[in-house]
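In what follows, chains are A, B, ... by sequence order, proteins preceding strands, each numbered from 1.
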There are 2 protein chains.
Amino acid sequence: MKNIGKRPRGRPRALDRDEALETALQLFWRHGYEGTSVADLTAAMGVTPPSLYTAFGSKERLYQEALDRYGASYGSFTARALAEEPTARQAVERILQESVAVYSEGPAPRGCMLASGAVTCAPEHTMVVADLSKRRLATISAIKARLDRAVIEGELAPSTDTEALAAFYAAVVQGLSIQARDGVDRDVLKTIAATALNAWPGAASGR
Amino acid sequence: MKNIGKRPRGRPRALDRDEALETALQLFWRHGYEGTSVADLTAAMGVTPPSLYTAFGSKERLYQEALDRYGASYGSFTARALAEEPTARQAVERILQESVAVYSEGPAPRGCMLASGAVTCAPEHTMVVADLSKRRLATISAIKARLDRAVIEGELAPSTDTEALAAFYAAVVQGLSIQARDGVDRDVLKTIAATALNAWPGAASGR
DNA sequence: TAATTTTTATATTGATCGCTATGAAAAACA
DNA sequence: TGTTTTTCATAGCGATCAATATAAAAATTA
């Protein structure tokens, strides 16, 4: 008899991988990579270290999986806004607004997991810093690609520096992330987002 | 005989306190609070742990002293721009430009020590996170105070939301800090700064 | 020179770090 | 039932964490 769609051979795992990954995401989001210990993770998951290592390999790989999960859930609004909104400007506007909503949510605001995860780090964790950096730069590239399309479609002037404009809005989002964690009032964050839109090429900034 | 202006009684310290503090500043700036160990610090200073502890008390107090030193040296351009420039707009412009210069300096850009020091942290280091947060918020307040003065002097309309405008430019500076660390090209950073100025109330953002 | 004071270096402290060797437990196979 | 396979919990690995107890070293003071 073949084993198709049935249980595998050994002892079934007590660890719900999906649930455990969400727990890891929450801890890493709040405390960052270096601020979250394996003991913290296993305690929150309700398992012992060997179970964690069998399921995820290492703390570093678990962190990367948590980042992937973040990008596919809480952090997915950026990609969705870029894909769904009819204009680049509306996409950027939605990104700014949803950033405020997601980052300042809950009793202890968490900001952006990519922006606040591990900007600085011990030399031995360079890989983690580089990985996060890559993900942040990828976000800028995604915004830039949408702006380039807007140039082609005539929404933006051909002379537009799309790379710098994308980096500018990414910078505002990163700043929103830090200030959300600092407890800056949500209304202020919303106004920051609105102010950033005044820098949109050709926009008349209000008096 | 009294001891006035002479050497104190005991064995003279081999540790140059000022020099050691600058060394600590550099390490903390690069690797953050959690990413810098006492062993790293003593090794770079060329002393043994007891010397560090008699001179600075604890790692946490040394970090705070390093932050003070940063604010009085590398990070002093903000306060100076706010005090020296004739208009609020020129002050903000200078802050943005000098941010780019300072944050992207050197072979391994360090960003802002306040913005990248310890956004996330282990629960047992909450004091450090809170201290950094307080310093970042103080910067926003300083900018706001200058904008309030600009309102009084007629440079800005009375309806201006000075708190949000100050928070906006602080957010851009914080984003610049992150992207400088990520290795974003210096010219792009400069254009981000210029773009942010287009959001200045009443400014016409270029086509 | 002898006593006092302060800093120094050596060596360690207990705690925690990420991680794993070991063997029992729990399932599917034969 | 007995074998095989996989995960489980117990316990502990060496390394590193921030911080110190101890006592020798180096200065001033008497």
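Looking only at side-chain heavy atoms (C-beta outward), B/Met113 and B/Leu25 come within less than 4.5 Å of each other.
Look at NE2 on B/His125: it is 16 Å from P on C/dA15, rounded to the nearest Å. The CZ atom of B/Arg13 sits 12 Å away from the P atom of C/dA9 (whole-angstrom rounding). In this structure, B/Leu41 places its CG atom 13 Å from C1' of D/dC17, rounding to the nearest Å. One can place CZ of A/Phe56 at 14 Å from P of C/dC19, the figure rounded to the nearest angstrom. Taking atom CG of B/Asp16 as the reference point, atom P of C/dT7 lies 15 Å away to the nearest angstrom. Computed from coordinates, the A/Met45 CE to D/dT7 C1' distance equals 16 Å when rounded to whole Å. Between the CG atom of B/Asp40 and the P atom of D/dA18 there is a distance of 8 Å, rounded to whole Å. D/dA18 atom P lies 12 Å from atom CG of B/Leu27, rounded to whole Å.
For the pair A/Glu34 and A/Lys59, the salt-bridge criterion is not met [side-chain N within less than 4.0 Å of a carboxylate O]. For the pair A/Arg149 and A/Glu153, the salt-bridge criterion is met [side-chain N within less than 4.0 Å of a carboxylate O].
Applying the 4.0 Å criterion to OP1 and OP2 of D/dC8, one finds that A/Ser51 has a side-chain N or O inside that range. When the side-chain nitrogen and oxygen atoms of A/Arg9 are compared with OP1 and OP2 of D/dT4, none of them lie within a distance under 4.0 Å. At least one side-chain nitrogen or oxygen of A/Tyr53 sits closer than 4.0 Å to the OP1 or OP2 atom of C/dC19.
Closest-nucleotide positions on DNA chain C for B/Glu124 and B/Arg11 were compared, and the one nearer the 5' end corresponds to B/Arg11. A residue-by-residue look at B/Pro50 and A/Leu52 shows that A/Leu52 has its nearest nucleotide of DNA chain D further toward the 5' end.
Closest to the side chain of A/Pro49, from the set D/dA18, D/dC8, C/dT20, is C/dT20. Between D/dT29, D/dT10, C/dC19, one nucleotide has an atom nearer to the side chain of A/Ser58 than all others, and that is C/dC19.
Looking at heavy-atom distances under 4.0 Å, A/Pro12 makes contact with sugar-phosphate atoms alone, never a base. Using a 4.0 Å heavy-atom cutoff across all strands shown, A/Ser37 reaches sugar-phosphate atoms only and no base atom. Among the atoms of the strands shown, only primed sugar atoms or phosphate atoms (P, OP1, OP2) are found under 4.0 Å from some heavy atom of A/Ala14. Within the 4.0 angstrom heavy-atom criterion, no nucleotide atom of any strand lies near B/Thr42.
A donor-acceptor pair is defined here as one N or O able to donate and one able to accept, closer than 3.5 Å; no such pair exists between the side chain of B/Asp182 and the backbone of B/Val184.
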Inset, instruction - Please test B/Glu84 against B/Arg94 for salt bridge (charged side-chain N to carboxylate O under 4.0 Å, His left out), starting from the C-alpha separation and ending with a verdict. - result: CA-CA 10 Å; B/Glu84 294 170 2; B/Arg94 181 170 147 193; 3.1 Å; yes

